[in-house]
Every structure is written in structure tokens, then in C-alpha cells.
Amino acid sequence: MTPQEFFDWSLHASFIMVMVAVALGFIRLIKGPSLADRVVALDLMTVLIVAFCGLYALLSGVQAFLDVAIVLALIGFLATVAFARFIERKIIRAQDTKLAQSLMDEPPAEEPKP
């Protein structure tokens, strides 16, 4: 087996592995069960699509796909940070709501008699 044949074989094997990983990530994105699991699955899929663009750039020899991969990586990073911030605010709001609800449920304190 020549080095070029080995390189071509490994590229095609990598494409197959990346596609299987994208499919598994998509299943996790659909099933969940929590919002955090879905965010991690979406981030995984973004990384895998960046890898796919890099592999395709190697296979085709077109360097423009590397630019696409860089842009996708930046967008994926920003999306992950935005989702993490959204989840953090959702947790803080839930805690504030529980605190407000517990304060409303308490009977009013009696005023001390002089």
C-alpha cells in the first residue's frame, strides 16, 4: 500500500466516523433529556462539522473550506457561550421565583406589643 492510498483510505474512514458521530450527536440533541445535554450535543455537532470541512478541504484541495471551518468554529463558540448564559439566567430566575414564592407563603410577622 502506497502512502497516497493509505492517505485516501484514512480520509474516507474519517468521513465515515465523523458522519456516525454527527448522527449520534443528533440523536442526543433530539432526546435530551435536559437543556444542558442538548447544548453539549449542539456544540459536539458544530465541532464535527468543522472537522468535516477540514477533511473535505484535504480531499478536494480547495482551501476555502478551511475558511468556512474557521467561521463555523467561531460561530459555534459564540453560540455555546450564549446558550450557557441563557441556562445560567434561567437557573437564577428559578431560584428568585422560589425565594419570592417562599416569602409570599410565610404568614406576616406579628408586630411587638409596646
Side-chain angles (χ1 to χ4, degrees):
M1 181 182 284
T2 65
Q4 183 62 36
E5 289 174 347
F6 181 74
F7 180 73
D8 290 340
W9 180 85
S10 63
L11 269 180
H12 292 293
S14 299
F15 274 119
I16 292 169
M17 288 187 278
V18 166
M19 286 297 110
V20 169
V22 167
L24 292 173
F26 188 72
I27 290 170
R28 177 51 57 195
L29 182 68
I30 298 297
K31 288 180 86 172
S34 69
L35 182 60
D37 290 328
R38 289 184 171 102
V39 170
V40 170
L42 190 61
D43 190 41
L44 169 74
M45 289 176 62
T46 303
V47 169
L48 291 170
I49 292 170
V50 168
F52 182 86
C53 289
L55 288 171
Y56 192 75
L58 284 173
L59 184 68
S60 67
V62 178
Q63 293 181 355
F65 287 105
L66 295 176
D67 296 335
V68 171
I70 291 170
V71 170
L72 278 174
L74 289 172
I75 290 172
F77 170 74
L78 292 175
T80 302
V81 170
F83 279 132
R85 181 83 170 156
F86 173 75
I87 291 172
E88 179 187 35
R89 286 185 177 257
K90 187 176 179 181
I91 291 170
I92 290 172
R93 269 188 250 129
Q95 290 171 348
D96 288 346
T97 303
K98 285 181 185 177
L99 178 65
Q101 196 64 288
S102 67
L103 290 176
M104 294 175 105
D105 291 343
E106 287 182 5
E110 294 182 20
E111 293 182 21
K113 296 181 181 177

Flag side-chain contact, heavy atom, 4.5 Å: F83 against D43: no

Min side-chain heavy-atom separation M19-S14 under 4.5 Å: no

Testing the basics here: between [X] and [Y], what is the closest heavy-atom pair and its distance to 0.1 Å?
| X | Y | result |
| --- | --- | --- |
| A57 | F65 | CB-CB, 3.8 Å |
| L66 | G54 | CD2-CA, 4.2 Å |
| R38 | K31 | NH2-O, 3.7 Å |

Sole residue of L58, I70, V68 in side chain to side chain contact (heavy atoms under 4.5 Å, CB included) with C53: V68

No-hydrogen, no-angle side-chain donor-acceptor test under 3.5 Å, D8 and Q4: yes

Flag for D37-S34: side-chain donor and acceptor within less than 3.5 Å: yes

Side chain to side chain contact (heavy atoms under 4.5 Å, CB included) assessment of F86 paired with L35: CA-CA 10 Å; F86 173 75; L35 182 60; 3.8 Å; yes

Parallel, tilted or perpendicular, as decided by the 30° and 60° cut-offs, for the rings of Y56 and F52: parallel

From [X] atom [atom1] to [Y] atom [atom2], the distance as rounded to the nearest 0.5 Å:
| X | Y | atom1 | atom2 | result |
| --- | --- | --- | --- | --- |
| T80 | R85 | OG1 | CZ | 15.5 Å |
| D67 | L72 | CG | CG | 11.0 Å |
| F7 | L59 | CZ | CG | 8.0 Å |
| L42 | R28 | CG | CZ | 14.0 Å |

Linking I/L/V/M/F/W/Y whenever their side-chain heavy atoms sit closer than 4.5 Å, directly or via other members, would [X] and [Y] fall into one cluster?
| X | Y | answer |
| --- | --- | --- |
| V22 | L55 | yes |
| V47 | V39 | no |
| M45 | I27 | no |
| L44 | F26 | yes |
| I49 | V71 | no |

